[in-house]
Structure formats: structure tokens, C-alpha cells
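Report on the structure given below.
Given the structure is predicted, the values throughout are model-derived calculations rather than measurements. Just so we're on the same page: letters track the sequence lines, and every chain starts at 1. What you see below is based on every heavy atom in this structure, not just the backbone, and it leaves out hydrogens, waters and symmetry mates.
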There are 2 protein chains.
Amino acid sequence: MIKSGSSFLREITRLTVQDLGLLEKSKVSCCNVSLSQCHAVVEIGRAAEMSLNDLAQVLNLDKSTMSRVVNTLVENEYVDRLIDQADRRYIRISLTEKGKHLYQSIENNMNQYFEDIFQKIPEHKQKEVTENLELIMNILRNKQD
Amino acid sequence: MIKSGSSFLREITRLTVQDLGLLEKSKVSCCNVSLSQCHAVVEIGRAAEMSLNDLAQVLNLDKSTMSRVVNTLVENEYVDRLIDQADRRYIRISLTEKGKHLYQSIENNMNQYFEDIFQKIPEHKQKEVTENLELIMNILRNKQD
DNA sequence: AATGATTAGTTGCAATTAGAAACTGTTTTG
DNA sequence: CAAAACAGTTTCTAATTGCAACTAATCATT
């Protein structure tokens, strides 16, 4: 296998996904939420407020599945579901206080994970690495248009 | 939010995971294999041969679930399952020719995805980015001891 | 303004997928 | 040689999922 930058990028993704899978599973088991629910909470938290379709799209789930996941989250008081008064076909999904706490706790775990990695980069290289990572991030963002 | 290198790394992982989820779903639908089966094929292909427990561990699945996934893959002739003659409690899971083809096709998709990203990095920066990515990859690998 | 098409979300249904626990067969240990 | 440990399978049951049919709201066209 050619050891190119792209293969390193792939391996980085592979390893992080695997690590985060474990991390998420521990979160899931300690908070009595399923993995889908956990992902949903993160996405809602990031967007502050979103519709069901938005959520289904980012999570790659069928809208019926999404509807039920949200339903469970409402029942467990992690999210609020309100009808959009401007267009009453839509629902506005947002986190409750309880949901925000869960979100913050997940965020803290995630940030800690990535911060730990970053801190292992020799200090004199951190600036350069940051610039390069930003470059890659922007390429990825531009892909999604 | 502080725009540090760690947050870029996190965002890169986020975006790639999302893209690859879509990529995998298309693969899954065209090859009549489930997502778990798809992941299993990739891991078996990477390791060439592994036990059920090994596989369950990398994929974060229960061994009973893993057993069934492997079973389906054997039925669909993607993998061979042989009893290890040195210790007959173990099974040796490996790809059939058909499985290798599927694996190669998944690999090609993945490599293409990452290669496309990498090619968008200005040529004069590619060497530097590669070095930095390798650094991060090694940090991640050392985490898993 | 009426009605037909579109859109957002929910629900019924069937199939898949999951884990826990009990079980089988093998190897290791004392 | 018995018992503990281990790898994998099977049984049972619960959760998760997607598709299709449905409801309700809005938009578009006349």
C-alpha cells in the first residue's frame, strides 16, 4: 500500500471512529439512551433548533424512524417538540434543560478526546498542524454544497 | 468556540463519517449486504484472517450478533469459516474470492474518496500535510496499546 | 376561492438486528 | 481426572428500522 497523505487521512478517520464508537457506547449505557438518540441529541444541540426532516437527513435515517426517535426523546424529556406557527406542517425540535446537560456532557467527552490527541503534537508543530487541518476541513465543507 | 486544531480534527471526523455513511449505504444497497456485513468484510479483508472474538471486538458487537453476521456472510459466500486445528475452539474467518472482490470494491471507493480530498490540497503543501497527518495517525495508534 | 399537487410528519406493519443468557464442545489448570 | 475457563452457537425476546399508507397543512394554478 502506498503511504500517501490520503491513506493517513483514511486511517485517522478509521481509528477515531473506532475510539468514538467505544466512547459513545459508554455514554449510551450510562445515560439510558440509544445510539441514535445520542446522535440526535448532538445534532439538535449543534443546531439549537431543527425540523424532523433536517434531523433525518443529517443522521441518514428514514423520517419515520426519526419521528419515533424524537418521540422517545420527548417522552424522556430530553427534547421539546413544538409546532412551527409560521408553517404548521413543521415541528421545531430543541433540547430541554435535561437535554442540554446530556449534550454538554457528550460534547465535553468528545472535546476531551480530540484535545488529548492534539496535546500530544509537539508544541512547535501545533500551529502548522492546525493550519493544515483547517485546510482539509474547508475542503470537506466545500464538498457539501 | 475556540477554533483550535482539535476542533478542526473533530469537524473533519464528523464530516468524513457523514460522507462515508452515505457512501456505505449506496454500497450496501447495491450489493445486498447489511452495514454490519459490509464492515465485517472490510475488517476481515484488512486482517486477512481472524477469529470471531477479534471481529466482535473491532466492530463493537456482541459475539452472538457477530456469530450471526458471519453466518450470513458464509451463506452468501463472502467468507469462509474454518475450525482452527491448533485450538479447535477458535474459528478462522477469511474472505472467499467473492468476498475479496467485494472488499476490493469497497476499498476502491474509500481510497477514491480520500484521494479526491487529498488532491484538492495545493501541491506545494501536500508533503507537509502528509507528514502532519502521519504524526496524528501515529498518536492515535499509540493510544491503542 | 376551489381543487389538485406537494410537503412534513405520524402510524401500521413486517423484517431485520440486537443483546442476554443458556448451552455445546474444547482446552487449560490444579 | 474433575473443574474452571474459553470460543462460538443457539434460543428467546426486545428494540430498531424502512416502506407504504395515512393525516394535516400549505402551495400553485386556474
Side-chain angles (χ1 to χ4, degrees), chain A residues 18 21-22 24-44 47 49-76 78-94, chain B residues 18 21-22 24-44 47 49-76 78-94:
Chain A
Q18 200 171 326
L22 289 168
E24 274 175 343
K25 287 222 172 176
S26 71
K27 175 60 60 185
V28 160
S29 55
C30 80
C31 297
N32 283 329
V33 291
S34 77
L35 208 60
S36 292
Q37 287 169 0
C38 186
H39 286 153
V41 166
V42 171
E43 292 302 328
I44 299 164
E49 201 182 59
M50 52 198 320
S51 75
L52 188 72
N53 262 340
D54 293 342
L55 199 49
Q57 195 169 6
V58 281
L59 297 180
N60 274 314
L61 289 173
D62 190 83
K63 61 181 182 163
S64 66
T65 307
M66 202 65 256
S67 174
R68 272 180 289 243
V69 169
V70 169
N71 211 41
T72 313
L73 287 172
V74 171
E75 276 167 19
N76 293 109
Y78 288 111
V79 314
D80 283 327
R81 173 178 43 193
L82 296 171
I83 293 170
D84 184 334
Q85 291 305 323
D87 185 338
R88 297 173 33 164
R89 288 172 301 184
Y90 289 79
I91 58 174
R92 292 271 138 213
I93 306 166
S94 58
Chain B
Q18 202 171 326
L22 289 168
E24 275 175 342
K25 286 219 174 175
S26 71
K27 175 61 61 186
V28 159
S29 55
C30 81
C31 296
N32 284 328
V33 291
S34 77
L35 210 60
S36 292
Q37 288 168 0
C38 187
H39 286 152
V41 165
V42 171
E43 291 304 327
I44 299 164
E49 203 182 56
M50 53 198 319
S51 76
L52 188 75
N53 262 340
D54 294 342
L55 199 49
Q57 197 169 4
V58 281
L59 297 180
N60 274 314
L61 289 174
D62 189 84
K63 60 179 183 165
S64 65
T65 307
M66 203 64 256
S67 175
R68 272 180 296 240
V69 170
V70 169
N71 211 41
T72 314
L73 287 172
V74 171
E75 275 167 18
N76 294 109
Y78 288 112
V79 316
D80 283 327
R81 173 177 43 192
L82 295 172
I83 292 170
D84 185 333
Q85 291 305 323
D87 184 337
R88 297 173 34 159
R89 287 173 301 186
Y90 288 79
I91 58 173
R92 291 273 139 210
I93 306 166
S94 58

Exercise. Answer yes or no: does a side-chain N or O of S34(B) lie under 4.0 Å from OP1 or OP2 of dT16(C)?
Key: no
Self-check item: Sole residue of L82(B), V79(B), D80(B) in side-chain contact (heavy atoms from CB on, under 4.5 Å) with I93(B)
Solution: V79(B)
Practice problem: For D54(A) and dT7(C), give me the distance from atom CG to atom P, rounded to whole Å. | Solution: 15 Å
Quiz item: If you pin T72(A) and S67(B) to their nearest nucleotides in DNA chain D, which one's is more 5'?
Solution: S67(B)
Self-check item: Interatomic distance, S51(B) atom OG to Q57(B) atom CD [nearest 0.5 angstrom]
Solution: 9.0 Å
Exercise. Could I get the full list of side-chain hydrogen bond (donor to acceptor under 3.5 Å, both in side chains) partners for E43(B), not counting sequence neighbours?
Key: R14(A)
Quiz prompt | I44(B) CD1 to Q37(B) CD distance, which is reported to the nearest 0.5 Å | solution = 10.0 Å
Self-check item: Contacts of D54(A) that satisfy salt bridge (Lys or Arg N to Asp or Glu O under 4.0 Å) - sequence neighbours left out
Solution: none
Quiz prompt | Pairwise distance CE(M66(A)) to CG(L55(A)) - rounded to 0.5 angstrom | solution = 4.0 Å
Exercise. Give the minimum heavy-atom separation between S36(A) and L59(A), together with the two atoms involved.
Key: O-CD1, 4.5 Å
Exercise. Would you please name every residue forming a side-chain hydrogen bond (donor to acceptor under 3.5 Å, both in side chains) with D62(A), sequence neighbours left out?
Key: S64(A)
Self-check item: Short side-chain N/O contact to dT7(C) OP1/OP2 from N53(A), under 4.0 Å
Solution: no
Quiz item: Can you list, by residue number, the residues of residues 78-88 of chain B that have a non-hydrogen atom closer than 4.0 angstrom to DNA chain C?
Solution: D87(B), R88(B)
Quiz item: Which nucleotide of DNA chain D is the first, and which the last, in the 5' to 3' direction, to come under 4.0 Å of a heavy atom belonging to chain A?
Solution: dT16(D) to dT26(D)
Filtered N/O pairs between nucleotides 18-21 of chain C and protein, under 3.5 Å:
from: dA18(C); atom 1: OP1; to: S36(B); atom 2: OG; distance (Å): 3.1
from: dG19(C); atom 1: OP2; to: D62(B); atom 2: N; distance (Å): 3.2
from: dG19(C); atom 1: OP2; to: T65(B); atom 2: OG1; distance (Å): 2.4
from: dG19(C); atom 1: N7; to: R68(B); atom 2: NH2; distance (Å): 3.1
from: dG19(C); atom 1: O6; to: R68(B); atom 2: NH1; distance (Å): 3.1
from: dG19(C); atom 1: O6; to: R68(B); atom 2: NH2; distance (Å): 2.9
from: dA20(C); atom 1: N6; to: S64(B); atom 2: OG; distance (Å): 3.4

Self-check item: R92(A): partners by salt bridge (Lys or Arg N to Asp or Glu O under 4.0 Å), with sequence neighbours left out
Solution: E49(A), D84(A)
Self-check item: Set of residues satisfying salt bridge (Lys or Arg N to Asp or Glu O under 4.0 Å) with respect to D87(A), sequence neighbours excluded
Solution: R89(A)
Quiz prompt | Separation of dA8(C) C1' from R92(A) CZ (nearest whole Å) | solution = 12 Å
Quiz prompt | Listed once per pair and sorted, the side-chain hydrogen bond (donor to acceptor under 3.5 Å, both in side chains) pairs that draw on residues 65-76 of chain A, sequence neighbours left out | solution = N71(A)-R81(A)
Between the protein and nucleotides 1-5 of chain C, which nitrogen or oxygen pairs are less than 3.5 angstrom apart?
none

Quiz item: What closest approach, in Å, do L73(A) and A40(A) show between heavy atoms, and which atom pair accounts for it?
Solution: CD1-CB, 3.9 Å
Self-check item: End axis versus end axis in the helix from dA1(C)-dT30(D) to dG30(C)-dC1(D), the angle rounded to 10°, five pairs used at each terminus
Solution: 20°
Practice problem: Would you indicate whether the side-chain heavy atoms of V58(A) and M50(A) approach each other to under 4.5 Å? | Solution: yes
